[in-house]
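What follows is a set of notes on a single structure, which appears directly below.
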Amino acid sequence: MPLKIYNSLTRNKEVFTALTQGYVGMYVCGPTVSGESHLGHARPYITFDVVYRYLKHVGYQVRYVRNITDAGHFEEEGRAAEDKISTKAVVEKLEPMELVQKYTNLFHWAMKQFNNIEPTIEPTATGHIVEQITMIQKIIADGYAYVVNGSVYFDVNKYNTDFSKQGLPYGILSGRNLEEQLDTTRILDNQEEKRNKADFALWKNAPPEHIMRWQSPWGEGFPGWHIECSAMATKYLGTQFDIHGGGMDLQFPHHECEIAQSTVCNHTAPVRYWMHNNMITINGRKMGKSYNNVIKLTELFTGNHPLLKQAYHPMTIRFFILQSHYRSTLDFGNEALQASEKALKRLWEAYKNLQKIVVDKWDATDMALDEKINKQIAEFTEFIEDDFSTAKVLANMFEIVPIINSIKNKQLPLHTLSSNTILLMQQQFQLFIENILGLQYQEDNNDTIDGVLQLLIDIRKEAKAKKDFVTSDKIRNELAQLGIQLKDEKDGTVSWSFS
RNA sequence: GGUCCUGUGGCCGAGUGGUUAGGCAGAGCUCUGCAAAAGCUUCCACACCAGUUCGAAUCUGGUCGGGACCUCCA
């Protein structure tokens with residue numbers, strides 16, 4: 001059962017093969033740390049965390065590179081050159097690097113909340129100015145860029161003409177053709193420096209008020225929009241690597257430009273499998289800065305936002321995201337998040353109960369059910385290998401949850417399923433829930449609280465025996481008020497969980 | 001205007017032409033002192049109109065709606 005990945009480049013699901021056997025190079029576009037991350041940002045990092053986890057699980061040694069964009073990009077091409085970071089820093093009375101540090105820390109904190117594994121290399125744009133300059137020089141030397149007033153622009157037309165012959169036209173990734181682009185690109189101001197509307201900046205001359213600036217062969221300035229990813233990906237993953245991921249909104253122009261820059265420099269198309277996650281929407285509309293409809297992660301975790309009816313745990317968000325396919329849009333809503341919250345709890349409790357079953361050796365009394373469960377378990381792997389269909393994996397788990405609960409409640413005899421099947425369930429649930437999907441559940445109970453609750457449970461039991469329901473209900477209800485739920489099990493025992 | 005995606009039950013969402021996706025919510029039942037939890041059962045669906053087919057949510061054409069990109073954007 002080979003892993004299949006939908007490749008945006010070919011618009012097809014393809015069997016994944018690594019460039020170098022046993023190793024995978026993966027680059028994912030990271031955050032611009034000029035502000036706080038929002039719900040939309042959570043998606044690619046969770047999506048590619050699962051990709052990373054899965055590749056590692058099947059035995060690849062993965063180098064996962066995710067950049068931090070801490071050098072100011074333009075607000076908009078053609079507008080007065082304006083460094084986003086430095087502008088905002090003035091407003092907030094912070095040094096640019098101070099600001100960048102603050103949001104980098106916040107980003108790392110959020111990633112941890114989501115239980116995302118750190119990338120193996122997390123390079124910063126400001127730490128790779130030299131590499132970017134070197135790359136730009138190479139592009140100029142090869143004749144695919146030109147210098148105007150201390151700025152350097154990529155000559156898209158020339159690139160397209162020359163590389164189309166090699167089957168690598170500009171627009172190959174996003175499926176556009178340059179001629180159409182030239183006719184339809186919106187007319188922006190201050191483009192007189194460019195030879196052509198489609199050209200993009202590799203290096204920008206810095207106006208005096210620009211704080212972030214570096215010395216370059218073309219004067220003081222700062223790198224263009226797209227060059228950092230090309231430079232850092234090449235440096236850490238080589239001239240060609242396996243997977244490049246990012247949001248669909250980066251497909252054009254960002255990734256298209258990356259391809260052009262790297263292809264000129266390295267004489268080969270850089271990426272073999274391009275993966276793009278779809279957007280998170282809110283009322284059907286993309287969540288994004290430009291639409292003014294973002295919910296920041298800190299707001300989400302605290303519930304502090306007019307659109308939020310409550311706070312949502314990071315794991316609820318992770319689960320919510322994994323319940324859809326990464327290439328579909330996913331619509332935010334309180335109802336949907338609340339559904340995820342309950343579903344995750346139910347799944348987790350069933351999973352914990354499954355792990356508690358002690359297994360020796362027996363055969364199944366219900367062969368048909370036993371077989372069905374085995375099939376559903378086997379499908380976990382099939383589904384994840386089918387372009388990371390996490391939603392289907394979860395759906396299968398939920399098909400099995402009632403069986404687990406029934407066995408636990410003795411509504412089904414333990415021996416309904418064979419011991420081998422139960423062992424397989426235990427092993428595969430753990431593998432997929434914890435290792436591959438990366439789900440966790442807060443279990444901040446310790447011996448002390450457990451002891452206290454056991455005491456209350458005993459007192460309640462005694463009260464019930466005496467038919468003192470006032471006392472027993474008081475214990476139950478007041479614990480519920482505190483967020484602790486008592487559960488009277490079928491076998492007469494009482495368990496508890498945080499609700 | 002150009003390129004592309006999309007329209008599934010109250011909400012979120014899988015869906016590869018023929019069989020229940022799944023979750024949450026709702027209803028009934030079992031269990032319970034009453035509940036909760038859990039289990040069982042159950043209601044609600046494929047925007048619209050044609051066409052292809054023995055058979056379409058799934059393919060084709062059209063109509064209407066929503067969205068993304070073309071500009072920083074996950």
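The analysis underlying the following values was restricted to heavy atoms, covering all of them including side chains, and did not include hydrogens, waters or symmetry mates. By convention in this document, chain letters (A, B, ...) are assigned in the order of the sequence lines, proteins followed by strands, and residues within each chain are numbered from 1.
If you check B:A74, B:A38, B:A21 against the side chain of A:Glu399, the one that comes closest is B:A21. Of the candidates B:A14, B:C73, B:C34, the closest approach to any side-chain atom of A:Ser324 belongs to B:A14. The side chain of A:Lys286 approaches B:A68 more closely than any other nucleotide in the set B:A14, B:A68, B:G22. The side chain of A:Leu250 lies closest to B:C73, out of B:C73, B:A35, B:A14. For A:Asp331, the side-chain atoms get nearest to B:G13 when compared with the rest of B:G13, B:G2, B:A74. Side-chain proximity of A:Gln485 to B:C72, B:C12, B:A37: nearest is B:A37. Checking B:A74, B:G13, B:C72 against the side-chain heavy atoms of A:Ser290 singles out B:C72 as nearest. Comparing B:G13, B:C11, B:G22 by their closest approach to the side chain of A:Glu335 singles out B:C11. The side chain of A:Ala395 approaches B:A21 more closely than any other nucleotide in the set B:G15, B:C70, B:A21. Listed candidates were B:G67, B:C34, B:A74. Nearest to the side chain of A:Arg285 is B:G67.
Remark: B:G61 base-pairs with B:C49. Criterion, Watson-Crick or G-U wobble with two distances under 3.5 Å. With a cut-off of 3.5 Å on both Watson-Crick or G-U wobble distances, the partner of B:G33 is given as none. Across all strands shown, B:C44 forms no Watson-Crick or G-U wobble pair with both key distances under 3.5 Å. Across every strand in view, B:C24 sits in a pair with B:G10 that passes the Watson-Crick or G-U test at under 3.5 angstrom. Base-pair partner of B:U3: B:A68 (Watson-Crick or G-U wobble, both distances under 3.5 Å).
In this structure, A:Leu347 atom CG and B:G23 atom C1' are separated by 10 Å, rounded to whole Å. What separates CE of A:Met248 from C1' of B:A74 is a distance of 11 Å, to the nearest Å. One atom, CG of A:Asp387, and another, C1' of B:U16, lie 13 Å apart when rounded to the nearest Å. Separating the CE atom of A:Met279 from the C1' atom of B:C4 is a distance of 14 Å, rounded to the nearest angstrom. Summarising the geometry, the separation between CD1 on A:Ile282 and P on B:C11 is reported as 17 Å, rounded to the nearest angstrom. Summarising the geometry, the separation between CZ on A:Phe380 and P on B:A14 is reported as 18 Å, rounded to the nearest angstrom.
Going from the C1' atom of B:A14 to that of B:C73 covers 29 Å, rounded to whole Å. Separation of the P atoms belonging to B:U60 and B:U53 is 16 Å when rounded to the nearest angstrom. The same atom, C1', is picked in B:A38 and in B:U32; the two are 12 Å apart, to the nearest Å. The separation of B:U8 from B:C49, taken at their P atoms, amounts to 16 Å, rounded to a whole angstrom. Nucleotides B:U30 and B:C46 place their P atoms 34 Å apart, quoted to the nearest Å. The gap from the C1' atom of B:C11 to that of B:U16 amounts to 26 Å, rounded to the nearest Å. Spacing of P atoms, B:G9 relative to B:C5, comes out at 23 Å, to the nearest Å. Spacing between B:A45 and B:U3 at atom C1', rounded to whole Å, works out to 32 Å.
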side-chain contact (heavy atoms from CB on, under 4.5 Å) evaluation trace for A:Glu349 with A:Tyr441: CA-CA 9 Å; A:Glu349 290 190 352; A:Tyr441 202 76; 5.5 Å; no
Chi angles and distances behind the side-chain contact (heavy atoms from CB on, under 4.5 Å) call for A:Phe319, A:Leu347: CA-CA 11 Å; A:Phe319 183 88; A:Leu347 176 64; 4.1 Å; yes
A:Leu456 and A:Glu478: CA distance, side-chain angles, deciding distance, side-chain contact (heavy atoms from CB on, under 4.5 Å) verdict: CA-CA 11 Å; A:Leu456 288 167; A:Glu478 295 199 4; over 6 Å; no
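The backbone N or O of A:Ala125 sits less than 3.5 Å from a side-chain atom of A:Gln132, completing a donor-acceptor pair. Put simply, the side chain of A:Thr316 never gets that close to the backbone of A:Glu341: no donor and acceptor are under 3.5 Å apart. The backbone N or O of A:Thr493 lies less than 3.5 Å from a partner atom in the side chain of A:Asp491, making a donor-acceptor pair.
A:Lys464 comes within 4.0 angstrom of a nucleotide base, judged by non-hydrogen atoms across all strands. Across all strands, A:Ser328 comes closer than 4.0 Å only to sugar-phosphate atoms, never to a base (heavy-atom distances). Nucleic acid contact class of A:Thr47 (heavy atoms, under 4.0 Å, all strands): none. Residue-level contact check: A:Gly284 touches the backbone only, with heavy atoms under 4.0 Å from sugar-phosphate atoms and none from bases. Across all strands shown, A:Asp386 has no heavy atoms under 4.0 Å from either base or sugar-phosphate atoms. Residue-level contact check: A:Ile280 touches the bases, meaning some heavy atom is under 4.0 Å from a base atom. Using a 4.0 Å heavy-atom distance criterion, A:Gly288 is classed as making no nucleic acid contact. Among the protein residues, A:Phe48 comes within range of no part of the nucleic acid, since none of its heavy atoms lies under 4.0 Å from any strand. Within the nucleic acid shown, A:Phe398 comes within 4.0 Å of sugar-phosphate atoms alone, with no base atom in reach, counting heavy atoms only. A:Lys490 comes within 4.0 angstrom of a base, heavy atoms only. No engagement by A:Met397 is indicated, since no non-hydrogen atom pair under 4.0 Å with the nucleic acid exists. Among the heavy atoms of the strands lying under 4.0 Å from A:Asn278 is at least one base atom, whether or not backbone atoms are also near. Nucleic acid contact class of A:His276 (heavy atoms, under 4.0 Å, all strands): none.
Of the listed residues (A:Arg460, A:Lys487, A:Gln454, A:Glu489), just one forms a side-chain contact (heavy atoms from CB on, under 4.5 Å) with A:Val494, and that residue is A:Arg460.
Place A:Gly246 and A:Pro253 on RNA chain B by their nearest nucleotides, and A:Pro253 ends up nearer the 5' end.
Applying the 4.0 Å criterion to OP1 and OP2 of B:A38, one finds that A:Lys487 has every side-chain N and O outside that range. Remark: A:Ser37 is not in phosphate contact with B:A74, judged by side-chain N or O atoms under 4.0 Å from OP1 or OP2. In terms of phosphate contacts, A:Arg346 brings a side-chain nitrogen or oxygen within less than 4.0 Å of OP1 or OP2 of B:C24. For A:Tyr326, no side-chain nitrogen or oxygen approaches OP1 or OP2 of B:A74 to under 4.0 Å. The side chain of A:Asn409 places no N or O atom within less than 4.0 Å of a non-bridging phosphate oxygen (OP1 or OP2) of B:A38.
Here the OH atom belonging to A:Tyr170 is positioned 12.5 Å from the CD1 atom belonging to A:Ile172, to the nearest 0.5 angstrom.
Between A:Phe107 and A:Tyr45, a ring centre-to-centre spacing shorter than 6.0 Å is recorded.
For the pair A:Arg66 and A:Phe48, the cation does not sit on the ring face, since its NZ or CZ is not both under 6.0 Å from the ring centre and inside 45° of the axis.
Side-chain atoms of A:Arg476 and base atoms of B:A35 include a donor and an acceptor less than 3.5 Å apart.
Remark: ring of A:Phe469 overlaps the six-membered base ring of B:G33 in a stacked fashion, centroids less than 5.5 Å apart, planes less than 30° apart.
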